[in-house]
Amino acid sequence: MKWFAPLLAAGLAVGLFAGCAGSSARLVGSARPALSPAQVRIYRVAPPRYQEIAVLDATSNARFFHGSAEGETDAIERLKAEAARVGANGIILTQVGDRPSGTLGVGVGGGGISAGRRSVVAGGGSASGAAPIVRNGAAGIAIYVADSR
């Protein structure tokens with residue numbers, strides 16, 4: 001039972017950090033008046049004429065082993081919210097996918113020697129494992145397109 005308390009503490013720590021999702025915008029141009037995220041359009045290829053406003057980055061909540069389609073959608077929605085906040089009406093999407101966010105490792109060990117009157121018995125064993133923690137992420141460039149039809 002000595003291993004239960006550390007395992008519980010590690011599980012709680014992962015639970016607290018795994019729920020953290022975030023987004024950021026670093027201005028590279030002039031911000032404009034804020035818009036609604038619904039007005040922000042996603043571009044896979046840059047439109048002919050636009051002004052760069054900010055570099056964007058967003059992550060979804062963490063999951064074990066791999067991300068999810070819902071996580072990608074969440075990360076893109078966070079990008080749209082950041083773009084709208086700086087007045088961009090478009091995002092040139094530069095990256096979408098899984099991002100490593102750490103690992104959760106568990107190990108159990110034990111062993112000992114028992115000496116009786118006529119024999120000595122040695123035994124031991126250990127087990128360990130790890131699971132990757134992954135976040136869906138998205139990155140892009142917040143832009144303003146004068147004619148965004």
Side-chain angles (χ1 to χ4, degrees), residues 1-112 122-149:
M1 278 299 200
K2 291 180 183 178
W3 55 270
F4 183 73
L7 182 61
L8 180 62
L12 290 173
V14 168
L16 289 173
F17 292 116
C20 298
S23 60
S24 66
R26 185 174 43 90
L27 288 175
V28 294
S30 299
R32 303 176 68 84
L35 303 171
S36 163
Q39 294 176 278
V40 179
R41 183 174 172 189
I42 300 294
Y43 295 90
R44 299 265 180 195
V45 177
R49 286 189 287 269
Y50 60 90
Q51 296 172 327
E52 289 186 7
I53 297 176
V55 175
L56 307 173
D57 188 72
T59 57
S60 67
N61 290 326
R63 303 173 71 93
F64 290 108
F65 302 111
H66 61 83
S68 66
E70 296 85 21
E72 287 181 2
T73 300
D74 180 50
I76 290 172
E77 289 302 315
R78 290 175 188 278
L79 283 185
K80 289 175 79 172
E82 285 293 332
R85 189 176 59 80
V86 296
N89 63 359
I91 298 171
I92 302 170
L93 205 54
T94 58
Q95 181 185 24
V96 176
D98 293 350
R99 295 184 186 172
S101 184
T103 58
L104 172 63
V106 177
V108 177
S126 65
S128 64
I133 300 171
V134 177
R135 293 181 188 276
N136 286 112
I141 301 168
I143 60 173
Y144 182 78
V145 181
D147 184 16
S148 62
R149 287 183 242 155

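In this text the structure is predicted, and so the values were computed from the model without any measurement.
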Smallest heavy-atom separation, Leu35 atom then Ala88 atom, equals CD1-O, 3.3 Å
Chi angles and distances behind the side-chain contact (heavy atoms from CB on, under 4.5 Å) call for Ile76, Ile91
CA-CA 10 Å; Ile76 290 172; Ile91 298 171; over 6 Å; no
Judged by atom type as modelled, is there a donor-acceptor pair below 3.5 Å linking the side chain of Asn89 to the main-chain atoms of Val145?
yes
Find the distance between CG (Leu79) and CD1 (Ile42) and round it off to the nearest 0.5 Å.
6.5 Å
Quick note, side chain to side chain donor-acceptor pair (under 3.5 Å) partners involving residues 73-84, not counting sequence neighbours, are Ser23-Glu82, Asp74-Arg78, Glu82-Arg85
Between Ser60 (side chain) and Ala75 (backbone), is there a donor-acceptor pair under 3.5 Å?
no
Atom OH of Tyr50 and atom CD1 of Ile141: how far apart are they, to the nearest 0.5 Å?
6.0 Å
When rounded to the nearest 0.5 angstrom, what distance separates CD in Gln51 from CD1 in Ile143?
10.0 Å
All pairs passing salt bridge (charged side-chain N to carboxylate O under 4.0 Å, His left out) where residues 44-53 contributes a residue, at least two apart
none
Show the nearest heavy-atom pair for residues Ala142 and Leu56, with the distance to one decimal.
CB-CD1, 3.8 Å
With a 4.5 Å heavy-atom cut-off, do Ile53 and Val28 have their side chains touching?
no
